[in-house]
There are 2 protein chains.
Amino acid sequence: MARAKQLRSLKTRKRLLSSAREIVSCSGYEKLRVEEVVSRAEVAKGTFFAHFKDKDALMDILVAERLEALLDDLEIVQNFDSVEHVVASIMPFLSFISGERYIFDLFLRLSGALAVEEVGKIAESIYRYDRILIEKLKSGPFRQDISAELLSEGIQAFPVSSIALSLCALQSDQNVKNRLTIQLNAWMCPS
Amino acid sequence: MARAKQLRSLKTRKRLLSSAREIVSCSGYEKLRVEEVVSRAEVAKGTFFAHFKDKDALMDILVAERLEALLDDLEIVQNFDSVEHVVASIMPFLSFISGERYIFDLFLRLSGALAVEEVGKIAESIYRYDRILIEKLKSGPFRQDISAELLSEGIQAFPVSSIALSLCALQSDQNVKNRLTIQLNAWMCPS
DNA sequence: GCCACATATTGACCGCGGTCACCTTTATGG
DNA sequence: CCATAAAGGTGACCGCGGTCAATATGTGGC
């Protein structure tokens, strides 16, 4: 009859999460090993998988934490008044995603609901990102022939393919930014 | 002094490749195991990695073969005369990429040059795809304020993000197609 | 206090990609 | 035709994510 979680279990979970955060903050996401998480948390390996479906599920939580912080920053900028403003506002978000190959792959893997009623934290962050973009687009000097919702889709689509290429060819953030500015000008302000 | 490859080596490589193709054709890309490739080819595991840098390098070859065949088909269609024509023409390409999560991930991982002078087969296919799109776009009834090159970037960007979402949410090809048609109409024919 | 049962934890084990020191085969020059 | 060196091939071994039967630890009823 669905007993409540035991305190012991909640503490274990917290220890696992904080061990993981420690590792990420000193070695990066890519280097995180489940074995190191459990040894730092002083539990057995099996315990990890009793708390998280798999390694991705842990990373989903850790990465979404960062995304949420970045979205908090995005949320407080004023409404978009130019393409350059849009690009500048979303760059921190894009820099984080493109900063490590591993994060970008994870982001794509977990960017939508994996199944009915199984929406991960990253997916939720993306929904929030979409809503924020739409809201801030409404009053801007952009094309009026399509909806803000559709505009937002483009603002999300172009960076993904740019980042995919940049991660392969070792391009800089600046390249991504320049390319993106051109693409979004064409997308948002067709003449 | 860079001696020529021995015949023995060439034969071994061919056996590895044909074993791999057999496995893919009866079980799919995802299910391919290096151990099964080498056991079918009757060589040791180490031999595999003497011929291919890693498993991805083999998959790059196998997937690119399929892409090239699809591009052969794309190359012979007439120049694009509508957005619907574009969408219909590229759907086989997109269906293949979105058909297996594994292929889509591989495609993104290998979509650009990994380093200077290390361009994989999939990356080459993507360059070819881009050139074909640009060529067939030139004479079409599409917006004239941006170049065919830039138009092509959008035609590549929208599907990637659509597919990323569709793979998460188990959407159908039809969903991808409908969404893409709307996006490309907005991209290619702003009013 | 004790029993029955759910919950939590354990660690040996597995699958699979990838490595490497060592062995075998083949081409080459004297 | 043999010595030798390079190319080709081997398989035991490793790292790491993930599983599961066994075990330990809480919790509620009597």
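The structure presented is a predicted model; accordingly, all values stated were derived computationally and were not measured. Order of the sequence lines fixes the chain letters, A, B, ..., with proteins taken first and strands second; residue numbering starts at 1 for each chain.
- Atom CD in A/E42 sits about 17 Å away from atom C1' in C/dA8, given to the nearest Å.
- Between the side chain of A/D60 and the main chain of A/K121, a donor-acceptor pair closer than 3.5 Å is present.
- The backbone N or O of A/A148 lies less than 3.5 Å from no partner atom in the side chain of A/S152, so there is not a single donor-acceptor pair.
- Taking atom NZ on A/K14 and atom P on C/dA8, their separation rounds to 16 Å, with Å as the unit.
- Closest approach to the A/F49 side chain among C/dA8, D/dG18, C/dG18 is made by D/dG18 (side chain taken as heavy atoms from C-beta onward).
- With C/dG17, D/dG8, D/dT25 as the choices, the nucleotide that has an atom nearest any side-chain atom of A/R8 turns out to be D/dT25.
- At the heavy-atom level, A/L58 lies nowhere under 4.0 Å from the strands shown.
- Of all nucleotides listed (D/dG18, C/dG18, C/dT26), C/dG18 comes nearest to the side chain of B/K55.
- Computed from coordinates, the A/L10 CG to C/dT9 C1' distance equals 15 Å when rounded to whole Å.
- Of the residues in residues 20-31 of chain B, none has a non-hydrogen atom less than 4.0 angstrom from any atom of DNA chain D.
- Comparing B/K5 and A/K53 against DNA chain D, the residue whose closest nucleotide sits nearer the 5' end is B/K5.
- Under 3.5 Å, the side chains of B/E22 and B/S18 contain no donor-acceptor pair of N or O atoms.
- The distance from atom CG of B/L7 to atom C1' of D/dA7 is 14 Å, rounded to the nearest whole Å.
- Going from atom CZ of B/R13 over to atom C1' of D/dA7 covers 16 Å, rounded to whole Å.
- Side-chain atoms of B/R143 come within 3.5 Å of backbone N or O of A/A186 as a donor-acceptor pair.
- One interatomic measurement links the two molecules: CZ of B/F48 to C1' of C/dC16, which rounds to 12 Å at whole-angstrom precision.
- One atom, CE of A/M59, and another, C1' of D/dC16, lie 14 Å apart when rounded to the nearest Å.
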Distances under 3.5 Å between protein N/O atoms and the N/O atoms of nucleotides 11-14 of chain C, please, pair by pair.
residue : atom : partner : partner atom : Å
C/dG11  : O6   : A/G46   : N            : 3.4

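- Two residues, B/Q6 and A/D56, neighbour DNA chain D, and the one matched to the more 5' nucleotide by heavy-atom proximity is B/Q6.
- Salt bridge annotation for A/R101-A/E30: absent, with no cationic side-chain nitrogen under 4.0 angstrom from a carboxylate oxygen.
- A donor-acceptor pair under 3.5 Å is formed between the side chain of A/E100 and the backbone N or O of A/Y29.
- Checking the phosphate oxygens (OP1, OP2) of C/dA8, no side-chain nitrogen or oxygen of A/T12 falls inside 4.0 Å.
- Rounded to a whole Å, the CG atom of A/L16 is 13 Å from the P atom of C/dA8.
- For the OP1/OP2 pair of C/dT9 and a distance below 4.0 Å, the side-chain nitrogens and oxygens of A/H51 include at least one atom meeting the criterion.
- Scanning both residues, A/S125 and A/L71, for their nearest heavy atoms gives O-CD1, 3.3 Å.
- Judged purely by atom type and a 3.5 angstrom limit, B/S9 has no side-chain atom pairing as donor or acceptor with the backbone of B/K5.
- In this structure, A/S9 reaches the C/dA8 phosphate: one of its side-chain N or O atoms is under 4.0 Å from OP1 or OP2.
- The aromatic ring centroids of B/F158 and A/W187 lie less than 6.0 Å from each other.
- The closest donor-acceptor contact from the side chain of A/N79 to the backbone of A/S139 lies at 3.5 Å or more, if one exists at all.
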